[in-house]
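Taking it in order: structure first as structure tokens, then the write-up.
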Amino acid sequence: MMNFGYNGLIGVLVLAGDIWAILNIFQSSVSIEKKLIWIIAVVLLPVLGLLLWYFFGPRNGRSG
């Protein structure tokens, strides 16, 4: 019997969210340095970085 649980699904959702965040960071209008800092935060802290970016990160048409 295969019992994978929900860990794999949660991991895939976090990965998809991180990729989405990184793509949006690349498309934002902030400086290269701020983009790099946000990308490092999202990559090194996948869940926390994603949440921080979602609430405080750069968006299109907004500098942050």
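The analysis underlying the following values was restricted to heavy atoms, covering all of them including side chains, and did not include hydrogens, waters or symmetry mates. Small disclaimer: the values here were computed from a predicted structure and weren't measured.
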Inset, instruction - Could you check Leu52, Ile19, Ile37, Ile22 and say which one makes a side-chain contact (heavy atoms from CB on, under 4.5 Å) with Val42? - result: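 It is Ile22, the one option of Leu52, Ile19, Ile37, Ile22 that forms the side-chain contact (heavy atoms from CB on, under 4.5 Å) with Val42.
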Should [X] and [Y] be counted in the same cluster of Ile, Leu, Val, Met, Phe, Trp and Tyr side chains packed under 4.5 Å apart?
X     : Y     : result
Leu45 : Val12 : no
Ile25 : Leu48 : yes
Ile39 : Tyr54 : yes
Leu23 : Leu13 : no

Inset, instruction - For residues Ala21 and Leu50, report the shortest heavy-atom separation together with the two atoms involved. - result: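 So the minimum-distance heavy-atom pair works out to CB-CD1, 3.7 Å.
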Inset, instruction - Quick one: closest heavy-atom pair of Asp18 and Pro46, and the distance? - result: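 Of all heavy-atom pairs spanning Asp18 and Pro46, the closest is OD1-O, 3.0 Å.
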Legend entry - CA sep, side-chain torsions, deciding dist, call: Trp38, Phe26, side-chain contact (heavy atoms from CB on, under 4.5 Å): CA-CA 10 Å; Trp38 277 111; Phe26 273 124; over 6 Å; no
Inset, instruction - Measure the acute angle between the ring planes of Trp20 and Trp53, then classify it against the limits of 30° and 60° as parallel, tilted or perpendicular. - result: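 The rings of Trp20 and Trp53 stand perpendicular, inter-plane angle above 60°.
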Legend entry - Spacing of NZ belonging to Lys34 relative to OG belonging to Ser29, to within rounding of 0.5 Å: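 The NZ atom of Lys34 sits 10.0 Å away from the OG atom of Ser29.
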